[in-house]
Amino acid sequence: MTREAAIELFGIRFGGVPEYVVRSPGRVNLIGEHTDYNDGFVFPMAIEQSTWLALRGRDDNQVHVASIGHRDAQFDIAKVVKGTSGWAEYLKGLAWAIGPDALRGWEGAFATDIPTGAGLSSSAALGIAGARAFAAVSDWVWDAKTAARAARRSENEWIGVNTGIMDQLVIATGEAGHAVLIDCRSLELHTFLLPADVTVVILDTGTRRQSVSSEYDDRRASCARAAEAANVSALRDLSLESLPMLASAVDSVTLRRARHVISENTRTVEAAAALGIGDIDRFGEYMGGSHRSLRDDYEVSSTELDAMVEIASNVEGCHGARMTGAGFGGCAVALVDKTAVCGFVEEVGQRYAKATSHNPRIYATTPTAGACVDRFVTDAS
Ligand code: GLA
């Protein structure tokens, strides 16, 4: 549906048919939260919910973009300046991060079914869609890690949001049916097949928070302080045995932040190994441990996320649940027996709405391939 919406909007705004159609998925992180900017481990997967971009190359340096519900935007690749084009700034920042020399212009229409502000990485999906588009029409050659680095740089330095590399990298490299263990220091990737009898369920609390960016920066600063006090380049280099030493060098809040990151790194690697041998119950226990650590030590959960995780964890067929993404609102994620999913979705939805008076959106998803581009072929061609 979203693909067709992008193609239709392309026809309306630019006339004719597109040359290429890009699909760039959202992502959900199964475990490994707030570890990526500490050079640690994350275990996300690309999801079905995606941003679609129908586009055609141009003979000049202009990028013209349209998107349902937003004003059209236009910029010159060779002369990008920071502006107030909202969502299109991500594309400008990308052109700036890649550099104008190898790029050519294009015109394209976007449509998406990734909810914004939900912790499912709609902005990283937009950036990686842009990278696929530039690679399709230019001499710039697609390389997933280079694209992820450029999209991240655009978010960090053009938009001013200090994210890690997880979102861009899994969106660029995801594999159908698999979750991806990422070493955020080396960018080494290991894929793990999700067992056929379980389903990943996204549990949107229906809440969004405004202050995520400043809270996120605050947590990053705590991690940097702790790493500096321990004389290591990142918290990735510490084990739980370092905590007593750290306790004498930092305040108690910084110590708890560091404890989350250090314990989460271990949990993530062990959880991936458990999934690798099909031990879903153990994986679910690690998810629970991750949530408690994010709630109590890192303090990035919320009343609604806690309620959702508590309710989901106690419904038949659920192996484990936790908040996912930056936190403070948005989504939780659960691993649920395939045969129990329908009942799970209904029961968790009812109980959560009753407990919080918020309207949740709960849906199953599957791990999908990362961003891809196809030549557009009409029935007539
Ligand atoms: C956001 C950021 C990621 C990561 C998560 C927390 O999604 O974009 O880089 O830091 O928060 O794990």
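Indexing begins at 1, ligand by ligand and atom by atom, following the structure's order.
The number of heavy-atom neighbours closer than 6.0 Å to CD of Glu4, taken from other residues, nucleotides and ligands shown, is above 12.
By the 3.5 Å distance cut-off applied to N or O atoms, His34 is counted among the residues near ligand 1. Looking at Thr163 next to ligand 1, no N or O pair under 3.5 Å apart turns up. Residue Tyr216 has at least one nitrogen or oxygen atom sitting less than 3.5 Å from a nitrogen or oxygen atom of ligand 1, judged on distance alone.
Close approach to Asp36 involves these atoms of ligand 1, each under 4.0 Å from a residue heavy atom: 3 (C), 4 (C), 9 (O), 10 (O). Taking a cut-off of under 4.0 Å to the non-hydrogen atoms of Met166, the atoms of ligand 1 that pass are 4 (C), 5 (C), 12 (O). Near Tyr37, meaning under 4.0 Å from any of its heavy atoms, are these atoms of ligand 1: 10 (O). The contact set between ligand 1 and Gly164, taken as ligand atoms under 4.0 Å from a residue heavy atom, comprises 9 (O).
Between Ser290 and Glu33, the side chains place no donor N or O within less than 3.5 Å of an acceptor N or O (distance only, hydrogens not considered). For Tyr286 and Arg282, the side-chain atoms include at least one donor-acceptor pair closer than 3.5 Å. Side-chain polar atoms of Arg225 and Ser222 form a donor-acceptor pair below 3.5 angstrom.
Among residues two or more places apart in sequence or in another chain, the side-chain hydrogen bond (donor to acceptor under 3.5 Å, both in side chains) test is passed with Asp281 by His319. Here Trp140 pairs with nothing under the ring-ring contact (aromatic ring centres under 6.0 Å, His included) rule; sequence neighbours left out.
Both Trp106 and Trp87 belong to a common hydrophobic cluster when Ile, Leu, Val, Met, Phe, Trp and Tyr are linked at side-chain heavy-atom distances under 4.5 angstrom.
Residue Asp167 holds the heavy atom nearest to atom 1 (C) of ligand 1 of all those in Val212, Asn162, Asp167.
Within the 4.0 Å heavy-atom criterion, the part of Arg27 lying near ligand 1 is the side chain and not the backbone.
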